Amino acid sequence: MKRVCVIGAGPSGITALKNLIDQGLDAVCYEVNTQVGGNWVYSEHIGHSSVFETTHIISSKTLSQYEDFTFDDFEKGMPDYPSHDQLRRYFQGYAAHFKLYPYIQFQTLVKSCELDETKTWVVKTEKNGIETTECFTHLVVCNGHHWLPRMPQYPGEFTGKLMHSHEFKKAEPFRDQRILVIGGGNSACDVAVETSRVSKKTSLSWRRGYRIVPKFLFGKPSDIVASRLAFLPTKLKFFLSELSVKIFSGSNKNYGLQEPQHAITGTHPTVNEELLYKIRHGKIFPKVDIDHFEGKHVHFKDGTVEEFDTIIACTGYILAHPFFRNDFLNYSEGDVPLYLKMLHEKYENLFFVGMFQPLGCIWPGAELQSKIAARAIKGLWQRPQNIAELCQSEVTHPHFKQIKTPRHTITVDFHLFVKQLKKHLPVNYVSKMPVS
């Protein structure tokens with residue numbers, strides 16, 4: 001008999017669980033927290049990896065929903081960019097609608113997963129200090145990749161408070177402080193905007209130039225505008241996208257920011273409606289990369305020096321699976337050779353769902369991965385015979401040629417990835433999501 005273990009009840013975990021149950025499979029989901037929703041369950045507890053108080057999604061609702069349970073299926077009138085609490089309710093509504101709660105064991109930490117000599121997964125968990133061991137034929141990993149902070153390293157010592165954005169929950173604790181935010185991604189720009197509302201001064205340090213994409217272009221969500229170009233050749237599509245951003249915002253130099261030296265697909269675009277406004281209103285002060293620390297003073301590479309009370313490093317996360325031995329699987333550094341970002345060339349009863357970073361939203365792709373995984377476990381879908389070659393191709397032929405940083409090892413083109421996944425589903429599979 002097939003028995004499946006799902007790790008995590010976040011947005012990827014619940015759709016994995018739902019699709020396994022749809023296939024009539026025996027499945028159990030372990031979740032370390034007390035609620036469905038993963039990072040979207042806001043908590044001021046630092047130990048819980050969550051969004052912060054004012055977070056809204058950065059991809060529009062149309063391209064950020066499950067096909068099996070859209071935002072309109074849940075609640076009419078959702079805004080283009082729902083808040084974290086609306087998203088939490090949406091995920092919990094999904095779990096309730098598909099009656100997933102009886103299959104989820106909350107407050108349960110997965111401590112280890114190992115294959116025995118019969119290729120059975122031996123899974124050890126802990127709940128309320130009590131350890132339990134269960135055996136499963138298949139393992140579906142949905143533990144997310146935004147929970148283990150990656151801290152930057154600079155010479156010298158900073159004697160103020162140095163923290164990661166993982167610890168940032170709301171702006172009020174930073175009132176009247178001198179704040180330095182490190183990074184140019186979505187979290188960094190959001191944190192800079194929020195702290196600038198209450199701080200004495202907020203500065204933003206960039207190592208390189210980034211493109212700041214507005215949430216709306218021509219009165220429409222910017223990702224909807226971009227999706228209408230999906231039928232075009234890749235180079236032309238992104239040339240037009242980049243041109244639209246330049247027309248809307250102008251040159252970064254107008255804001256005292258570095259110009260990006262890479263194509264628009266070279267990094268994840270930063271979607272922020274307020275950063276440029278705050279800079280031009282004297283609320284956020286751009287800085288270049290850091291050279292070194294000296295007490296509370298930060299020396300920048302342009303020779304300037306400033307004093308800060310707190311530094312918030314928005315420098316990404318480490319891709320980690322602490323329940324695996326490092327000599328078994330370790331994707332924390334380097335490439336991730338998984339076919340369809342989910343299948344290992346050797347372990348046929350192991351699946352990763354949601355472990356990719358699209359230029360868009362993860363959840364629609366995670367839902368499609370879940371359908372493939374469930375069909376594979378059921379015996380309705382076969383792994384390709386050249387799986388090793390396909391896994392290696394994920395590394396050698398990525399959708400984009402991005403700058404070499406750890407966060408870009410799992411990047412995909414949203415629309416292309418969705419199309420690739422749908423090719424592995426039945427011909428009578430009908431999509432309710434408008435993807436060109």
Side-chain angles (χ1 to χ4, degrees), residues 2-33 35-41 64-69 87 90-106 108 110 113 121 123 125 134 136-147 319 321 323-324 329 336 338-344 347-358 361-381 383 410 412 417-418 420-422 424-425 429 433:
K2 295 175 181 178
R3 188 167 186 244
V4 189
C5 172
V6 178
I7 302 178
S12 296
I14 56 175
T15 192
L17 182 61
K18 181 264 182 190
N19 283 284
L20 291 167
I21 294 169
D22 279 353
Q23 294 295 340
L25 293 162
D26 181 12
V28 176
C29 177
Y30 295 122
E31 168 57 45
V32 70
N33 294 310
Q35 300 181 52
V36 160
N39 291 350
W40 294 94
V41 178
S64 304
Q65 58 192 347
Y66 301 113
E67 295 185 10
D68 292 339
F69 189 72
L87 290 166
Y90 173 60
F91 297 131
Q92 293 177 358
Y94 179 100
H97 179 77
F98 293 113
K99 299 178 173 60
L100 303 183
Y101 280 100
Y103 303 89
I104 304 173
Q105 295 188 22
F106 291 103
T108 303
V110 177
C113 301
W121 286 104
V123 178
T125 62
E134 298 280 351
F136 298 89
T137 57
H138 296 78
L139 183 66
V140 182
V141 178
C142 313
N143 71 318
H145 52 271
H146 293 121
W147 61 272
L319 188 60
H321 303 98
F323 37 80
F324 290 141
L329 279 182
V336 182
L338 296 173
Y339 179 49
L340 301 178
K341 294 292 184 284
M342 66 183 292
L343 300 173
H344 193 277
Y347 307 114
E348 297 186 15
N349 57 350
L350 172 63
F351 300 83
F352 293 87
V353 171
M355 198 177 76
F356 59 91
Q357 186 64 56
C361 186
I362 293 175
W363 315 322
E367 182 182 37
L368 295 172
Q369 284 183 323
S370 299
K371 294 181 184 298
I372 296 170
R375 290 175 57 79
I377 295 170
K378 185 69 173 179
L380 301 175
W381 183 87
R383 289 158 55 95
I410 54 174
V412 296
F417 191 54
V418 164
Q420 287 179 335
L421 293 172
K422 288 183 177 179
H424 296 275
L425 292 169
Y429 172 80
M433 187 173 61

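What you see is a predicted model; the values in this text were computed from it and never measured.
- Between Q369 and G354, the shortest heavy-atom distance links the atoms OE1-N, 2.8 Å.
- Distance check, rounded to the nearest 0.5 Å: CG of L25 to CZ of R375 gives 12.0 Å.
- The distance from the NZ atom of K341 to the CD1 atom of I410 is 8.5 Å, given to the nearest 0.5 Å.
- In this structure, SG on C29 lies 9.0 Å from CD on Q105, to the nearest 0.5 angstrom.
- Checked by atom type and distance alone, the side chain of E31 pairs as donor or acceptor with a backbone atom of A9 at under 3.5 Å.
- Partner of I14 under the side-chain contact (heavy atoms from CB on, under 4.5 Å) criterion, chosen from Y103, F91, F69, W363: F91.
- For the pair F352/H145, no side-chain contact is recorded, criterion being any heavy-atom separation below 4.5 Å from C-beta on.
- Within the 4.5 Å cutoff, the side chain of N143 has heavy atoms near those of the F323 side chain.
- Taking all atoms of both residues into account, the shortest heavy-atom contact from A373 to F351 is CB-CD2, 3.7 Å.
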Run the side chain to side chain contact (heavy atoms under 4.5 Å, CB included) check on L380 and Q23 step by step: do they pass? CA-CA 10 Å; L380 301 175; Q23 294 295 340; 3.5 Å; yes
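- Between W40 and Y90, the ring center distance fails the sub-6.0 Å criterion.
- In this structure, CD on E348 lies 12.0 Å from CD1 on I377, to the nearest 0.5 angstrom.
- We find that E67 and K422 are joined by a salt bridge, their nearest charged nitrogen and carboxylate oxygen being less than 4.0 Å apart.
- The distance from atom OH of Y30 to atom CD of E134, rounded to the nearest 0.5 Å, is 4.5 Å.
- For the pair L329/H344, a side-chain contact is recorded, criterion being any heavy-atom separation below 4.5 Å from C-beta on.
- Ring-plane geometry between F324 and W121 is classed as tilted, the angle between the planes lying from 30 to 60 degrees on a 0 to 90 degree scale.
- Side-chain contact between W381 and I372 is present, with at least one heavy-atom pair separated by less than 4.5 Å.
- Scanning all heavy atoms of the two residues, the minimum distance from S370 to S12 falls at OG-O, 4.3 Å.
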Does the side chain to side chain contact (heavy atoms under 4.5 Å, CB included) test come out yes or no for T125 and V110, once each step is laid out? CA-CA 4 Å; T125 62; V110 177; 4.2 Å; yes
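- Contact check for I362 versus F356: side-chain heavy atoms found under the 4.5 Å cut-off.
- Note that CG of L340 and CG of L421 are 5.5 Å apart. Values are rounded to the nearest 0.5 Å.
- Evaluated for a side-chain contact (heavy atoms from CB on, under 4.5 Å) with F136, the options V28, V6, N349, D26 yield exactly one hit, V28.
- Here the side chains of V36 and Y101 are in contact, with some heavy-atom distance below 4.5 Å.
- Residues D68 and N19 are in side-chain contact: their nearest non-hydrogen atoms beyond the backbone lie under 4.5 Å apart.
- The closest side-chain heavy-atom distance from C113 to V123 is below 4.5 Å.
- Judged by distance alone, the side chain of K18 and the main-chain N or O of F98 form no donor-acceptor pair under 3.5 Å.
- Between the side chain of T108 and the backbone N or O of F106, at least one donor-acceptor pair lies under 3.5 Å.
- Listed for the Y66 side chain is a donor-acceptor partner under 3.5 Å among the backbone atoms of P11.
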